[in-house]
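Numbers here are sequence positions counted from 1.
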Amino acid sequence: MAGTYALIVAAGRGTRFGDAVPKQYQIIAGRALLAHGARSFVDHSEIAGVRVVIHPDDRPRYDAAMSGLPLLEPVAGGPTRQESTRLGLESLVPVAPDRVLVHDGARPLVRPALIDGVLAALDDAVGAVPALPVTDALKRDTGGRSVAESVDRSGLWRAQTPQGFRFAELLGAHRAHAGGDWPDDAAIVQAAGHAVALVLGDEDNVKVTGPEDLGRVARLMTVVETRVGFGFDVHRFGPGDHVMIGGVRVGHDHGLVGHSDADVALHAVVDALLGALGAGDLGQHFPPSDVHWRGADSALFVAEARRLIEAAGAEVGNVDLTVIGERPRIGPHRDAIRGRIAGLLGIEPGRVNVKATTTERLGFAGREEGLAAQAAATLAYRRLP
């Protein structure tokens, strides 16, 4: 067995949404709804892999929306949600997971605690469904806008996803009950004779059905805190024919001396990010005494800072970098440096600013003994990861 996998079903066309772009690809807080939901599973320590079931026509949208997320290759769904789920389950047979979480691609706000609760319930049950008790009075209409009768809400719950199951039993139930009209996977498992546990759901685990739901999701994902960090780094010149500045190789009549590749720009940026995160400094995470980092590409340091930021449920707001030195000239490489830093952080180039200044021939930089860089960065913390 191979642990727990997550299957995100996102093959629907969202006809009720009323937009040419399917709802799972609508953009909120800079990313598609589908990407927000997928990231919750990718970041969870108990999830061994995440696969998305998509509509065959959506592959270009999917590739653009999910760029940078470590996901399994997507699979094409079928004409119904039930068939799409079954096809997704069949695709996981080679890895033989012991448990699977099935999630709706239109639910972007999944807290880790909800995933924890569903997984815990599977210790004693074949299936588990997060749900919320119905608290409002229920009415059945006459087919128009008048009340036919009141409906007893006692014992009624509103089901959510992710729904969790023991993989073999869920796949067997889907195979045995293919072609039916089942409301969700839990109903199929129950029809196969298995018990399904109820887990308390999350009121903020919103399913986007219509355009009005996008507004609610956007409000839930509003920034509640912005943190600022500052970074500074300096390296002296030594033998060489180039320097690394912001991840870009810049030709020069000297190199920079350092334990890694001595990229003063990326080092300053990483220190700024770690400062905003409250996570120490570059030397703590990548000590010069560790031979593992000798000559290392500083892009690795940026990748680790990005991982820590995403694990904290934050995202990079912007980076402002200043390179300090007489030579080499930064202007011809400004756009390349900007694009490289943006790519490493997974943000738009417009959120990265690159400047250069001299010290009017004063100090070590003015004497062309080395280069320095300073950076400021902001992190935005949202209500939900």
Given the side-chain rings of Phe301 and His285, with only the six-membered ring counted for Trp, is the space between their centroids under 6.0 Å?
no

Give, for atom CG of Asp297 and atom CE of Met244, the distance between the pair rounded to the nearest 0.5 Å.
6.0 Å

Do Val243 and His235 come close enough that some side-chain heavy atom pair is under 4.5 Å?
no

Side-chain ion pair, Arg227 and Glu225, N-O less than 4.0 Å
yes

What I'd like to find out is whether the side chain of Ile341 reaches to under 4.5 Å of the side chain of Ile337, using heavy atoms alone.
yes

Give the intermediate values and the outcome of side chain to side chain contact (heavy atoms under 4.5 Å, CB included) for residues Met221 and Leu109.
CA-CA 9 Å; Met221 297 186 73; Leu109 305 177; 3.5 Å; yes

Could you walk me through whether Glu368 and Arg361 pass the salt bridge (Lys or Arg N to Asp or Glu O under 4.0 Å) test, one step at a time?
CA-CA 8 Å; Glu368 297 191 39; Arg361 296 288 177 180; 2.9 Å; yes

Output for pair (Asp204 CG, Leu220 CG), nearest 0.5 Å, gives 4.5 Å

Please round to the nearest 0.5 Å and tell me the distance separating atom OH of Tyr25 and atom CG of Leu33.
11.0 Å

If two hydrophobic side chains count as joined below 4.5 Å and joins carry through other members, does Leu371 share a cluster with Ile324?
no

Answer yes when Glu149 and Arg140 have at least one side-chain N-carboxylate O distance shorter than 4.0 Å, and no when they do not.
yes

Salt bridge Glu203-Arg158, side-chain N to carboxylate O under 4.0 Å:
yes

Is any side-chain heavy atom of Ile115 closer than 4.5 Å to a side-chain heavy atom of Phe41?
yes

Assess the pair Trp293 and His259: is the distance between their ring centroids shorter than 6.0 Å?
no

Can you tell me how far apart CD (Gln24) and CZ (Arg107) are? Round to the nearest 0.5 Å.
14.0 Å

Strictly below 4.0 Å, N to O, side chains only: are Glu73 and Arg59 in salt-bridge contact?
yes

When you measure from the side chain of Thr359 to the backbone of Gly366, do you find a donor-acceptor pair of N or O atoms at a distance under 3.5 Å?
yes

Centroid separation under 6.0 Å, is that true for the rings of His242 and His254?
no

Pairwise side-chain contact, Val302 with Val269, heavy-atom cut-off 4.5 Å (strictly under)
no

With a 4.0 Å cut-off, would you call Asp141 and Arg145 a salt bridge?
no

Quick one: does Asp281's side chain have a donor or acceptor within less than 3.5 Å of a partner on Gln284's backbone?
yes

Would you indicate whether the side-chain heavy atoms of Leu101 and Ile47 approach each other to under 4.5 Å?
yes

Are Glu315 and Glu310 packed together at the side-chain level, in the sense that at least one heavy-atom pair is separated by less than 4.5 angstrom?
no

Side chain Ser40, main chain Val110, donor-acceptor under 3.5 Å
yes

Inspect the contact between Arg175 and Glu90 and indicate whether a charged nitrogen and a carboxylate oxygen are less than 4.0 angstrom apart.
yes

For residues Thr161 and His103, report the shortest heavy-atom separation together with the two atoms involved.
OG1-ND1, 2.9 Å

CA sep, side-chain torsions, deciding dist, call: Leu308, Glu304, side chain to side chain contact (heavy atoms under 4.5 Å, CB included):
CA-CA 6 Å; Leu308 293 172; Glu304 174 63 8; 3.9 Å; yes

Using a strict 4.0 Å threshold on nitrogen-to-oxygen distance, state whether Arg81 and Asp184 make a salt bridge.
no

Do Ile54 and Val42 sit in one hydrophobic cluster, given that two such residues count as connected whenever their side-chain heavy atoms are within less than 4.5 Å of each other, even indirectly?
yes

Checking the side chain of Arg294 only, and the main-chain atoms of Ser260 only, is there a donor and an acceptor separated by less than 3.5 Å?
no

Quick one: CG on Leu171 to CG on Leu92, what's the gap to the nearest 0.5 Å?
9.0 Å

Is it the case that the side chain of Arg338 and the backbone of Pro349 share a donor-acceptor pair, with hydrogens and angles ignored and the cut-off at 3.5 Å?
yes

State yes or no: do Val323 and Val234 share one hydrophobic cluster built from I, L, V, M, F, W and Y residues joined by side-chain heavy-atom distances below 4.5 Å, directly or via other members?
no

Chi angles and distances behind the side-chain hydrogen bond (donor to acceptor under 3.5 Å, both in side chains) call for Asp185, His174:
CA-CA 8 Å; Asp185 298 289; His174 267 275; 2.7 Å; yes

Output for pair (His36 NE2, Gln26 CD), nearest 0.5 Å, gives 12.0 Å

Any chance you could lay out the side chain to side chain contact (heavy atoms under 4.5 Å, CB included) test for Val93 and Phe167, step after step, and finish with the verdict?
CA-CA 9 Å; Val93 169; Phe167 179 78; 4.3 Å; yes

For the student: nearest non-hydrogen atoms of Ala32 and Ala65, plus distance:
CB-CB, 3.7 Å

Any Pro108 side-chain heavy atom under 4.5 Å of Val217 side chain:
yes

Verdict with reasoning, His194 to Phe165, per ring pair (Phe, Tyr, Trp, His ring centres under 6.0 Å)
CA-CA 10 Å; His194 303 297; Phe165 305 92; 9.8 Å; no

Sub-4.5 Å side-chain heavy-atom contact between Trp182 and His177:
yes

Could you tell me whether Lys23 and Asp213 make a salt bridge, using a distance below 4.0 angstrom between a side-chain N and a carboxylate O?
no

Is there a path of hydrophobic side-chain contacts, each under 4.5 Å between heavy atoms, that joins Phe230 and Val319?
no

Answer with yes or no whether the hydrophobic clustering places Val270 together with Val354; edges join I, L, V, M, F, W, Y residues whose side-chain heavy atoms lie under 4.5 Å apart.
yes

Flag the pair His55 / Tyr62 as yes when their ring centroid distance falls below 6.0 Å, and as no otherwise.
no

Between the main-chain N or O of Ala178 and the side-chain N or O of Arg86, is there a donor-acceptor pair closer than 3.5 Å?
no

Between Glu212 and Arg216, does a salt bridge (Lys or Arg N to Asp or Glu O under 4.0 Å) hold up when you go through it step by step?
CA-CA 7 Å; Glu212 65 281 0; Arg216 182 180 177 191; over 6 Å; no

Is the closest basic N to carboxylate O distance between Asp116 and Arg111 below 4.0 Å?
no

With the threshold set at 4.0 Å, does a side-chain nitrogen-carboxylate oxygen contact exist between Asp104 and Lys207?
yes

Would you mind checking if Asp241 and Arg249 are paired as a salt bridge, meaning a charged N to carboxylate O distance below 4.0 Å?
yes

Where do Arg51 and Ser91 land on the side-chain hydrogen bond (donor to acceptor under 3.5 Å, both in side chains) test, with the steps shown first?
CA-CA 9 Å; Arg51 169 160 282 160; Ser91 77; 3.0 Å; yes

Show, in sequence, the C-alpha distance, side-chain angles and deciding distance for Leu114 and Asn205, and conclude whether the side chain to side chain contact (heavy atoms under 4.5 Å, CB included) test is met.
CA-CA 9 Å; Leu114 184 62; Asn205 184 22; 3.5 Å; yes

Test item: Asn318 side-chain N/O and Val352 main-chain N/O as donor-acceptor pair under 3.5 Å
no

Check Leu72, Leu89, Val102, Val50 against Tyr5 for a side-chain contact (heavy atoms from CB on, under 4.5 Å) and give me the one that passes.
Leu72

Is a side-chain N or O of Asp263 found less than 3.5 angstrom from the main chain of Gly247, in a donor-acceptor match?
yes

